[in-house]
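Hydrogens, waters and symmetry mates play no part in the numbers below; they use all other heavy atoms, side chains included.
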Amino acid sequence: MTRSPRIRSRRRAHRAAAVLATAAGALFLVAGPASAHVRVFADGAKEGSPATLRFRVPSEEADATTVRVDVTLPKGVTSTGIPPASGWTRKEIPSPSGGTTQVMWTATAGHEIKPDEHRYFDVQVGPLPKKASIAFDVAQTYSDGSIVNWNERQTGTKMPDFPAPVLVLDAAAAKAEEIHQQATAQPTPTTAASPAAVAAIQEQAAGGVSWLPWTVAGAAVLGAGAVVVKRRRTPSRRA
């Protein structure tokens with residue numbers, strides 16, 4: 001029985017939609033864990049003004065609960081008060097110049113942060129320093145004894161596995177600094193040159209014609225053709 005072109009086009013459209021849906025789902029799975037990391041917020045925070053820092057701490061472990069949270073304040077940030085956190089005790093480590101340099105919250109029985117849940121811990125601070133952004137070190141302790149240190153700084157385009165929560169005070173300046181760091185971290189063409197590319201350049205300098213680019217291009221074309229032939233010969237399956 002001959003199938004009409006309309007039915008074939010519909011089936012191709014359905015297959016394309018399925019591929020796009022699968023790719024979108026994979027993208028959300030990759031981006032999901034990154035959005036669940038420890039973060040810091042402060043409504044209306046700006047340079048030279050006091051603020052209330054809110055640290056959002058999620059429990060990312062599937063088989064353990066969060067039982068302790070340590071927040072270290074960087075130089076130039078001084079606490080003026082620690083609002084109580086229901087069900088959690090706190091301990092403050094004072095700094096020699098006054099204020100607090102580190103706050104430790106410990107959960108009481110029944111108030112641990114369960115998997116896939118989160119809670120906020122607040123710290124009131126004095127006038128913020130004149131910086132585009134401020135990074136904080138946070139240590140998260142789980143009930144199984146493991147500790148996750150959220151203290152890694154991003155220096156290039158790749159997001160670190162355990163990024164420190166960052167409070168942005170000047171978005172334009174912070175963006176410019178990020179672009180500068182990314183440009184500095186990118187390798188130069190000289191350092192990134194492969195041995196095959198160096199050999200090709202040397203051969204061309206000697207007056208010969210390099211066969212390497214044509215070989216690579218031919219292999220790519222043959223590989224693409226093999227994929228197309230294989231896909232056309234594969235029989236379709238019914239659901």
Student check: side-chain heavy atoms of L167 and S133 closer than 4.5 Å: no
Pair W150-H37, ring pair (Phe, Tyr, Trp, His ring centres under 6.0 Å): steps then yes or no: CA-CA 8 Å; W150 303 98; H37 294 338; 4.7 Å; yes
Same cluster (ILVMFWY, side-chain, under 4.5 Å), V67 and V103: no
Extract all donor-acceptor atom pairs below 3.5 Å that involve side chains of residues 114-124 and protein atoms in other chains or at least two apart in sequence.
from	atom 1	to	atom 2	distance (Å)
H118	ND1	R56	NH2	3.2
R119	NH1	S86	O	2.9
D122	OD1	R54	NE	2.9

Same cluster (ILVMFWY, side-chain, under 4.5 Å), I113 and M104: no
Nearest atoms (heavy-atom pairs only) where E112 meets W88: CA-CZ2, 4.4 Å
E60 backbone acceptor or donor facing Y142 side chain under 3.5 Å: yes
Audit row: Q102, E92, side chain to side chain contact (heavy atoms under 4.5 Å, CB included) steps and yes/no: CA-CA 6 Å; Q102 185 177 0; E92 304 175 30; over 6 Å; no
Heavy-atom pair with the smallest gap, counting every atom of A51 and A42: CB-CB, 4.4 Å
Q140 to V38 - nearest heavy-atom pair and separation: OE1-CG2, 4.1 Å
Heavy-atom closest contact (P129 atom, G76 atom, distance): CD-O, 3.6 Å
Distance-minimising heavy-atom pair for P163 and M159: CB-SD, 4.0 Å
Criterion salt bridge (charged side-chain N to carboxylate O under 4.0 Å, His left out) on D70 and K91, from CA distance to verdict: CA-CA 9 Å; D70 294 27; K91 180 180 179 181; over 6 Å; no
Spacing of OG1 belonging to T66 relative to CD belonging to E61, to within rounding of 0.5 Å: 8.0 Å
Contact list for residues 41-75, test ring-ring contact (aromatic ring centres under 6.0 Å, His included), sequence neighbours left out: F55-F136
Closest non-hydrogen atom pair, P160 against Q154: CD-CB, 3.9 Å
Separation of E152 CD from D161 CG (nearest 0.5 Å): 6.0 Å
Side chain proximity check, T101 to L73, heavy atoms < 4.5 angstrom: no
F162-V71 co-clustered via ILVMFWY side chain contacts under 4.5 Å: yes
Non-hydrogen side-chain atoms of D144 and D63 separated by less than 4.5 Å: no
Test item: I134 and L128 side chains (from C-beta on) under 4.5 Å apart, heavy atoms: yes
Linked hydrophobic residues, I147 as query - side chain contacts closer than 4.5 Å: none
